[in-house]
Asker: 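Dropping the structure in here first, questions after.
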Amino acid sequence: MPELPEVETIKQDLQKIITGKKIIKVCVHNPKVIREPALKAFKKSLEDVTIKRILRRAKLLIFELSNSLFLTVHLKMTGQLVLRQKLSTNPELVEGLVYPGGAKNSRVAFHLAGGDILDFNDQRLFGELRVVGDWKKLKFVQSLGPEPFDLTYFDFRNMLSKKKTKIKPLLMDQGFISGIGNLYAAEILFGAKINPERSAQGLTEAEKARLYKEMQGVLTSAIKHGGSSVDDYVRLSGKRGDYARFHQVYGRINEPCFVCKTLIQRIAQGGRGTYFCPQCQR
DNA sequence: AATGGGACCTGCGCGC
DNA sequence: TGCGCGCAGGTCCCAT
């Protein structure tokens with residue numbers, strides 16, 4: 001369930017540690033996660049290639065390669081990118097490794113020059129790896145709405161006023177705004193004191209302003225703390241993200257609201273669990 | 001346009 | 001102890 005803050009954290013970790021490294025061998029343990037091109041071509045287009053730069057768009061990671069192709073990685077729900085480092089390479093990072101010996105649910109292993117291995121782990125096999133000539137032309141990328149941090153309040157406000165939809169599913173709609181998932185939608189709405197069932201266009205100006213501020217604030221803070229490790233998400237080092245201790249509502253069904261002590265409720269919205277405080281969020 | 005459902009998957013926790 | 005079931009949620013796809 002990595003969302004924007006988790007993917008951004010991994011991006012920054014990768015940027016620091018993987019940039020400039022050469023991939024010498026690609027071991028595919030489960031070809032299901034390779035979406036394009038076919039397996040043989042996929043491996044061939046990655047071997048003996050250097051990673052130049054790491055980019056992120058919404059929840060998608062993009063590796064810019066020295067052969068002018070791009071490797072895109074979507075973690076979906078249980079995907080992980082974890083670095084298994086040779087003990088001698090970087091002693092200070094070894095401490096946080098979850099599996100110095102072997103990788104759990106490794107589906108693809110990228111062997112790097114120097115001996116480190118970058119594992120793509122994915123318990124549920126929803127994750128998607130692609131090598132493409134132009135990642136911006138991917139249908140998925142074309143369908144994405146703006147990044148939360150690229151959006152002005154003026155535009156946000158006007159976008160909301162055109163939508164009758166309930167605000168919670170709308171925040172999670174990747175074609176509307178990209179990068180926000182179930183967890184952060186809930187936390188943002190709590191911060192803005194808005195009930196998840198409210199219609200977008202029915203929000204007052206003050207509520208829209210609070211929503212915008214919380215969207216920026218919650219996401220920024222979550223990135224600062226390395227994201228939320230609630231299920232499988234871990235950072236490149238294998239360490240957990242630290243933001244879960246700031247969660248106000250997500251996963252807190254029947255626990256007292258930190259603000260008013262009312263019990264946190266969980267309702268179903270579009271097949272997904274929505275956590276909120278019925279007292280604070282009106 | 002908006003909404004609801006199923007599909008893709010696997011592991012976990014629950015009730016019996 | 002074991003079994004079956006529902007649930008978790010990112011994205012796509014189809015139906016209404």
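Each chain gets a letter, A, B and so on, in the order its sequence line appears, and its residues count up from 1.
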Asker: Quiz question: going by heavy-atom distance under 3.5 Å, is there a donor-acceptor pair between the base of dT11(C) and the side chain of R35(A)?
Answerer: no
Asker: Rounded to whole angstrom units, what separation is found between the CD atom of Q269(A) and the P atom of dG4(B)?
Answerer: 9 Å
Asker: Take T274(A) and K168(A), measure what side-chain hydrogen bond (donor to acceptor under 3.5 Å, both in side chains) needs, and give me the verdict at the end.
Answerer: CA-CA 8 Å; T274(A) 296; K168(A) 157 77 163 31; 3.0 Å; yes
Asker: Using a cut-off of strictly less than 4.0 Å, decide whether H74(A) has a side-chain nitrogen or oxygen near OP1 or OP2 of dT11(C).
Answerer: yes
Asker: On the six-membered ring of F70(A), is R53(A) placed so that its NZ or CZ lies under 6.0 angstrom from the centre and within 45° of the ring axis?
Answerer: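 So R53(A) doesn't make the cation-pi contact.
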Asker: Consider only side-chain N and O atoms of S228(A) and Y184(A), and report whether a donor and an acceptor are under 3.5 Å apart.
Answerer: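 There is such a pair between these side chains.
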Asker: Using heavy atoms to find the nearest nucleotide of DNA chain B for R107(A) and T165(A) separately, return the residue whose nucleotide is more 5′.
Answerer: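 Final value for this comparison: T165(A).
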Asker: Nearest-Å distance, CZ (R272(A)) to C1' (dT11(C))?
Answerer: 9 Å
Asker: What pairs with R235(A) under salt bridge (charged side-chain N to carboxylate O under 4.0 Å, His left out), at least two apart in sequence or on another chain?
Answerer: D13(A)
Asker: With nearest nucleotides of DNA chain C determined for K139(A) and E3(A) from heavy-atom distances, which residue corresponds to the more 5′ nucleotide?
Answerer: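 Checking each residue's closest nucleotide, the 5'-ward one belongs to E3(A).
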Asker: Without decimals, in angstroms, what is the distance between E6(A) CD and dG10(C) C1'?
Answerer: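 The answer, rounded to whole Å, is 13 Å.
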Asker: May I have the distance from Q142(A) (atom CD) to dC12(C) (atom C1'), rounded to whole angstrom?
Answerer: 16 Å
Asker: Can you check the L160(A) CG to dA1(B) P distance for me, whole Å?
Answerer: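 Result: 18 Å.
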Asker: Name the orientation class of the two ring planes belonging to F140(A) and H74(A) (parallel below 30°, tilted from 30 to 60°, perpendicular beyond 60°).
Answerer: perpendicular
Asker: Of the nucleotides dC13(C), dT10(B), dC8(B), which has the atom closest to the F126(A) side chain?
Answerer: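 The answer is dC8(B), which lies nearest to the side chain.
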Asker: Has K163(A) got a side-chain N or O lying under 4.0 Å from the OP1 or OP2 atom of dA1(B)?
Answerer: no
Asker: Of all the nucleotides listed (dA2(B), dG10(C), dC13(C)), which has the minimum atom distance to the side chain of K76(A)?
Answerer: dG10(C)
Asker: Write down the distance between CD1 (I267(A)) and P (dT3(B)), rounded to a whole number of angstrom.
Answerer: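 In whole Å, dT3(B) P lies 13 Å from I267(A) CD1.
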Asker: Looking only at non-hydrogen atoms, find the nearest pair between C277(A) and T262(A) and report the distance.
Answerer: SG-CB, 4.2 Å
Asker: Reckon Q174(A) touches a base, only the sugar-phosphate, or nothing at all at heavy-atom distances under 4.0 Å?
Answerer: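 The answer is sugar-phosphate, as Q174(A) gets under 4.0 Å only of primed atoms, P, OP1 or OP2.
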Asker: Measure from CG on L144(A) to C1' on dT11(C) and round the result to the nearest Å.
Answerer: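 Atom CG in L144(A) sits about 11 Å away from atom C1' in dT11(C).
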Asker: With sequence neighbours left out, what residues match E8(A) under salt bridge (charged side-chain N to carboxylate O under 4.0 Å, His left out)?
Answerer: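 E8(A): salt bridge (charged side-chain N to carboxylate O under 4.0 Å, His left out) contacts with R56(A).
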Asker: Counting only side-chain heavy atoms from C-beta out, which of dT10(B), dA2(B), dG10(C) sits nearest to K164(A)?
Answerer: dA2(B)
Asker: Calculate the interatomic distance between L170(A) atom CG and dG4(B) atom C1'; express it in whole Å.
Answerer: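 Checked: the CG to C1' distance equals 17 Å.
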Asker: Quantified in whole Å, what is the C1' atom distance between nucleotide dA1(B) and nucleotide dG10(C)?
Answerer: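 Going atom to atom, C1' in each nucleotide, I get 22 Å.
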Asker: Could you go step by step and tell me if K25(A) and L112(A) meet the side-chain contact (heavy atoms from CB on, under 4.5 Å) rule?
Answerer: CA-CA 7 Å; K25(A) 191 170 160 52; L112(A) 307 176; over 6 Å; no
Asker: Using Watson-Crick and G-U wobble pairs with both distances under 3.5 Å, what is the 5'-to-3' dot-bracket string of DNA chain C, with [ ] for crossing pairs and | for pairs outside the strand?
Answerer: .|||||||.|||||||
